[in-house]
Amino acid sequence: MADLRNGCAPCGEIKEAVCIDAGRVYDSCCDRDCLEDLRCFFLPETQSLIDNAVSVRLRSAEVLNVFIDVEPVNFNKGFYSCDLTFFFLLSFDLYTSARGCPKVINGIASFNKKVILFGSDGCVKTFSNLIGNDCDRDGHSKIGNNMPKCVVSTVDPVPLSARIGEIRDCYESVCCVPDCVCEAIGGNVVSNLQNGTPTIYATIGLFSVIQLIRNVQMLIPVYDFCVPEKQCKNSTDHPCDTFSKIQFPVDDFFPPRPCNIENGPACSCSEEFTEE
C-alpha cells in the first residue's frame with residue numbers, strides 16, 4: 001500500500017480505490033450507409049417550384065435528429081433491438097430554366113435503421129431524486145427504466161447526388177415528420193402527393209456509431225484529484241498582437257501534395273515554416 005501520510009500519495013502511485021456509478025459500453029458497432037434515392041419532402045410553396053424545375057444539385061446535408069427506440073429481443077436474452085429513425089435537412093440548388101440562376105431550397109428526408117446489440121440483463125428497480133419521488137395518478141411511485149441506453153453518434157452526411165423524378169408510389173417513404181424537425185424549414189411538409197408528381201430524390205453517405213450503455217458500479221484506482229495545471233489567460237491583448245500570434249496559413253497559398261506519392265512523403269509547408 002502506498003504511503004498516505006498527510007493525505008498525499010507518491011507521484012504516480014494509486015492513492016485509493018473508489019466505487020463510481022458510470023455508463024459502461026456493453027456493445028457497439030460502426031457503419032457506413034450509402035442512402036440512395038431518399039425521397040425528400042418540402043413546404044407547399046417549395047413543391048410548386050419543383051413542379052416546374054428542370055434540374056437540381058445537392059448542396060449540403062445535415063442530421064437534424066435521431067429518434068431511438070430500444071426493445072429487448074425475446075428469443076435472445078441480453079440482446080436489444082435498436083430502431084433508429086434519422087431525419088436529414090437537405091439543401092439544394094434548384095434550376096427552373098436552363099440558363100437561369102438556381103434557387104436554394106431546403107427539404108426533409110428520413111431513413112430507418114435497425115441494429116441488434118448486447119446490453120446485458122438487469123431486473124433491479126431504481127429510485128432516485130432525479131427521477132422523482134412523487135406518485136402518479138394511480139398512486140405508484142416513479143421507477144427508473146432498467147433498459148440500457150442507446151447512443152448514436154454521427155457526422156454530417158456526405159452529399160453525393162440528387163435528381164428530379166416522378167412519384168411512383170404515393171406512400172413511398174411517407175412517415176410522420178415531428179414538429180421539431182419541420183421547424184428547421186419553417187413549416188409542415190407536404191406528404192400527400194399523387195403518383196406522377198415531380199419530387200427530388202437525394203443520395204447521401206452516412207457514417208454512424210451506435211453504442212448500448214448501461215449504468216454500473218465500478219471499482220477504479222484513484223491517483224489524485226484533477227487539479228488543473230494550466231492557468232487561464234486574459235484576452236486583453238491588442239487585436240494586432242493577437243493577429244501576430246496566428247501561424248501563417250502557408251497551406252492555403254501552396255496546397256500540400258498527397259502523402260502517398262512515389263517520390264517521397266508529402267508535405268505540408270506549414271510544418272516547415274518558421275517565423276523569423
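For reference, positions follow the sequence shown, starting with 1.
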Exercise. side-chain contact (heavy atoms from CB on, under 4.5 Å) with Phe88: which of Asp156, Leu38, Asn65?
Worked result: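 Running side-chain contact (heavy atoms from CB on, under 4.5 Å) over Asp156, Leu38, Asn65 with Phe88 returns exactly one hit, Leu38.
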Give me the atom names and distance for the closest heavy-atom approach of [X] to [Y].
X: Asn188; Y: Pro44; value: O-CD, 3.8 Å
X: Ser161; Y: Leu58; value: O-CD2, 3.6 Å
X: Gly119; Y: Tyr26; value: CA-CB, 4.1 Å

Spacing of [atom1] belonging to [X] relative to [atom2] belonging to [Y], to within rounding of 0.5 Å:
X: Asp33; Y: Ile204; atom1: CG; atom2: CD1; result: 9.5 Å
X: Cys180; Y: Leu64; atom1: SG; atom2: CG; result: 8.5 Å
X: Ile50; Y: Ile105; atom1: CD1; atom2: CD1; result: 4.5 Å

Problem set entry | For Phe79, all residues meeting ring-ring contact (aromatic ring centres under 6.0 Å, His included), sequence neighbours excluded |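 Phe79 satisfies ring-ring contact (aromatic ring centres under 6.0 Å, His included) with Phe118 only.
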Exercise. Is there a side-chain contact (heavy atoms from CB on, under 4.5 Å) between Leu94 and Ile200 once you walk through the steps?
Worked result: CA-CA 10 Å; Leu94 188 69; Ile200 294 178; 4.2 Å; yes
If hydrophobic clusters are built by linking Ile, Leu, Val, Met, Phe, Trp and Tyr wherever their side-chain heavy atoms come under 4.5 Å apart, do [X] and [Y] end up in the same one?
X: Leu90; Y: Leu160; answer: no
X: Leu89; Y: Phe67; answer: yes
X: Met147; Y: Val115; answer: yes
X: Val66; Y: Phe111; answer: yes
X: Phe87; Y: Val151; answer: no

[Y] and [X], any side-chain heavy atoms less than 4.5 Å apart:
X: Phe207; Y: Val158; answer: yes
X: Val177; Y: Ser110; answer: no
X: Tyr80; Y: Asp121; answer: yes
X: Val189; Y: Phe42; answer: no
X: Ile68; Y: Val70; answer: yes
X: Val152; Y: Phe86; answer: yes
X: Val222; Y: Ile14; answer: no
X: Lys114; Y: Ser81; answer: yes

Problem set entry | Thr199/Tyr201 under side-chain contact (heavy atoms from CB on, under 4.5 Å): CA gap, chis, key distance, verdict | CA-CA 7 Å; Thr199 190; Tyr201 294 90; 3.5 Å; yes
Exercise. Just wondering, more than 12 heavy atoms not from Asp21 lying within 6.0 Å of its CG?
Worked result: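 Correct, the count exceeds 12.
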Problem set entry | Check: Ala53 main-chain N/O paired with Thr96 side-chain donor or acceptor under 3.5 Å |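 Between the backbone of Ala53 and the side chain of Thr96 there is no qualifying donor-acceptor contact (under 3.5 Å).
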For this session: State whether the side chain of Gln47 and the backbone N or O of Pro198 hold a donor-acceptor pair below 3.5 Å, judged by distance alone.
Result: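 Yes; judged by distance alone, with no hydrogens or angles, the pair exists.
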